[in-house]
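In what follows, a single structure is set out as structure tokens and then discussed.
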Amino acid sequence: MFVYRANGRREPAGRCPGHPHQPHLRTLFAPAVAAAAPDPAKVPDYLAAVKPAGNPEHGDYQANFAMALAKAAGKKPPEVAKEIVAALPATADIEPPTVAGPGFINLKFTSAFLARAVRDLATDERLGLPLAAAPRTYVIDLSGPNVAKPLHVGHLRSTIIGDALVRILRALGHTVVGDNHLGDWGLQFGILIYGYKHFRDEAAFQADPVRELARLYVYINKQFKKADDDDEAPTDDPLKKACQEETAKLHAGDPENLALWKQFMPACLEMLRPIYERLDVKIDHALGESFYNPMLPGIVEDMQAKGIAFESKGAVVIPNAKGIVPRTEEEMKKEEPPAILRKRDGAFTYTTTDLATIRHRADTWQPDAMLYVVGAPQALHFKTLFAQASRWGYDRADYVHVQFGSMLGADRKPFGARKGGVVELMDLLDDAAKLGLEKYEASVADRRENGHKVYEATDAEKREIAEVVGVGAVKYADLSQSRTTDYVFDLDKMTATVGNTATYMQYAYARCRSIFREGDIDDARFRTAPPAVVLAEPAERALVLQLLRFPEAVEAAAADYLPHLVTGYLWDLAKATSVFYEKCHVLKAPTPELRDSRLLLVDLVGRTIRRALGLLGIRVVERM
RNA sequence: GCACCCAUAGCUCAACUGGAUAGAGCAUCGGUCUACGGAACCGAAGGUUGAAGGUUCGAAUCCUUCUGGGUGUACCA
């Protein structure tokens, strides 16, 4: 991933600012490091090397700057580490640090500090999540479906990742504008119009316009495919040409085509609405391509007037990111192509629309950053677009292509939009919900068989469980994968009840709630007047450390636009909780003090899971 | 041809952005406990991080070359 800054330089994205205890440790070290460092300018870099320990045996945190510092000072790393440790101010928050290996400084919080910190966390509705000191305004481009066909699994990633980023950035106090750049004006409507005029089944269209339009779209595209297989250049395909002509007529304002477009649009939007509802995704704006259509001639004129765009081979183009328009054969082989704003036939392209969109977003919301949650194949397009938009004068905001890998079929081949066997989103959600319910019922039967008292859910509750579990499974599967790599679509894995899945987290949440129900305990007390926390077992200590790390995970996810850092955190939290349950009885704790302390931890685990899943757009149920 | 992305355990994925012995989940094998919710826990086995060089105290991570896959590449979006 890269960020285009105002100066046009390519820079890595911002680093994680660290969780609230990291600054605390850095403050502790700052004077000693400053005294030992020959170059004061490097002190912040050294302090940045105070980070969570990679291995719990080494403590809670580790300071890794002694090696670099020793080299700069011409000393031996372990000696430098020892000197710095000796120079630390006295504190009751950490145990005496130890020096190990080539000069690592290992740090461990005292139990007293952890107990105090987690008790403070209990009264904090934000669970430690900081509000940004300097809130920024983000415009996030997400989802962007082609409205002429039903959503399929390929649209999941942009929608789900984009929605999670909206929620995460908002949670940290930023202003976020979500904008769904609908594909509602391109060739797909030429295809629909041509298909409607020549191949429609009138009865089917009357009965269900949505389905008939979808059929026509697929039908025409299959005809294109044939041309490809015959090794004909797609542009020579007469059918495609005919569709392009219908598109051009629409764009030129042809009354018949415009009327058809207006007739088709509501049906197309109706096709999308229930899916967004089911996914629990609300996008602030849906300014599609058609919205920008009237602005396109002005965009091209303006860019030509400013000397950024010009004619080449009958089209109007903007140079590639390097500022070059290749003209000779040799250049065309070596250089990236320019982007076309207006084709030879006068039609505008999506590059022009994207430029109009940038101008509109910049003028309307004055964002500090514009994020495009769009698949990796469009990297070249955005590279060119961002570079030239900056030259055009829209250089205040950072442009980020938050790209993600393709969804692959079981054969590890990308899902092609035109290929058969593409799973429609609605069917996928139905299947996932059905599987979720089956597993729930199997689990209930199993528990009953083993003599447990089992709560009998009503049919309405079962439907709710199925939906929450099913949709959650699909979302979590996508979000838990680092977004840059391709990923293999696997429904069974998504709906698994073990491992790093939504179901496992939702179940962990339900377990927390169950303990309070079982003991008939009011949880409010643990949030308003929390009892003292007693850390008797290592499992409790590990759990507390994990609870305190929630802000760190969220901030890291926001810094690099990586929601999977939140799911990774959840998985660690869930594992720590499992061990805790195993080692520490809660309701049957040896003393009332310990029971209260453990109830506080259970309540915090439940709240943290709910909050973290909420940041990913995933819901929980109280019982399952 | 050129450009971008990727390659980690049998499979699916991590690795806190250069840190200590590369970790999980499936699958395989073994074990624990009448179980505050067993959708559990513990353990074993599984690796020359695609290959070869280089950078340095230290590399899955950074640089070069190569191999193998994906994607894009002047009038689709």
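All figures in this text were calculated on a predicted structure; none of them were measured in a lab. We use all heavy atoms of the structure for the numbers below, so side chains are in, but hydrogens, waters and symmetry mates are not.
Not one side-chain nitrogen or oxygen of A:Lys334 sits closer than 4.0 Å to the OP1 or OP2 atom of B:rA3. Here A:Lys51 reaches the OP1 or OP2 of B:rU17: one of its side-chain N or O atoms lies under 4.0 Å away. Contact annotation: A:Ser514 side-chain N/O to B:rG37 OP1/OP2 distance is under 4.0 Å. Under 4.0 angstrom from either OP1 or OP2 of B:rA74 there lies no side-chain N or O belonging to A:Lys313. For A:Ser406, no side-chain nitrogen or oxygen approaches OP1 or OP2 of B:rG70 to under 4.0 Å.
Of all nucleotides listed (B:rC36, B:rC4, B:rU12), B:rU12 comes nearest to the side chain of A:Lys493. Looking at the side chain of A:His564, the nearest of the listed nucleotides B:rA77, B:rU21, B:rA14 is B:rA14. Nearest to the side chain of A:Pro102, among B:rC36, B:rA40, B:rG19, sits B:rG19. Nearest to the side chain of A:Asp560, among B:rG70, B:rA40, B:rU17, sits B:rU17.
Within 3.5 Å, no donor on the side chain of A:Tyr581 pairs with an acceptor on the base of B:rG37, nor the reverse. Within 3.5 Å, no donor on the side chain of A:Glu57 pairs with an acceptor on the base of B:rA20, nor the reverse. At a cut-off of 3.5 angstrom, the base of B:rA77 holds no donor-acceptor pair with the side chain of A:Thr349. No N or O donor and acceptor, one from the side chain of A:Asp354 and one from the base of B:rA77, sit under 3.5 Å apart.
For the pair A:Arg623 and A:Tyr455, the cation sits on the ring face: its NZ or CZ lies under 6.0 Å from the ring centre, inside 45° of the axis.
Between B:rC42 and B:rC26, the two P atoms lie 12 Å apart (nearest whole Å). Taking atom P in both B:rG25 and B:rA45, the straight-line distance is 15 Å, to the nearest Å. Separating the C1' atom of B:rC13 from that of B:rA60 is a span of 14 Å, rounded to the nearest Å.
Across all strands shown, B:rA51 forms a Watson-Crick or G-U wobble pair, both distances under 3.5 Å, with B:rU65. When both distances must be under 3.5 Å, the Watson-Crick or G-U wobble mate of B:rG58 does not exist. Searching all strands for a Watson-Crick or G-U wobble partner of B:rG43 with both distances below 3.5 Å returns B:rC29. Across every strand in view, B:rU8 sits unpaired, with no contact that passes the Watson-Crick or G-U test at under 3.5 angstrom. Within the shown strands, B:rG23 is the pairing partner of B:rC13 under the Watson-Crick or G-U definition, both distances less than 3.5 Å.
Atom P of nucleotide B:rU32 and atom NZ of A:Lys583 are separated by 15 Å, given to the nearest angstrom. Atom OH in A:Tyr440 sits about 14 Å away from atom P in B:rG37, given to the nearest Å.
Among the heavy atoms of the strands, none lies under 4.0 Å from A:Ala376.
Ring-plane geometry between A:Tyr504 and A:Trp571 is classed as perpendicular, the angle between the planes exceeding 60 degrees on a 0 to 90 degree scale with a lower cut at 30.
Each of A:Ile340, A:Leu296, A:Val316 was scored for a side chain to side chain contact (heavy atoms under 4.5 Å, CB included) with A:Thr352, with one residue passing: A:Leu296.
In this structure, A:Gln188 and A:Tyr217 approach most closely via the heavy-atom pair CB-CE1, 3.5 Å.
Taking CD1 from A:Ile521 and CG from A:Leu599, the interatomic distance works out to 4.5 Å, rounded to the nearest 0.5 Å.
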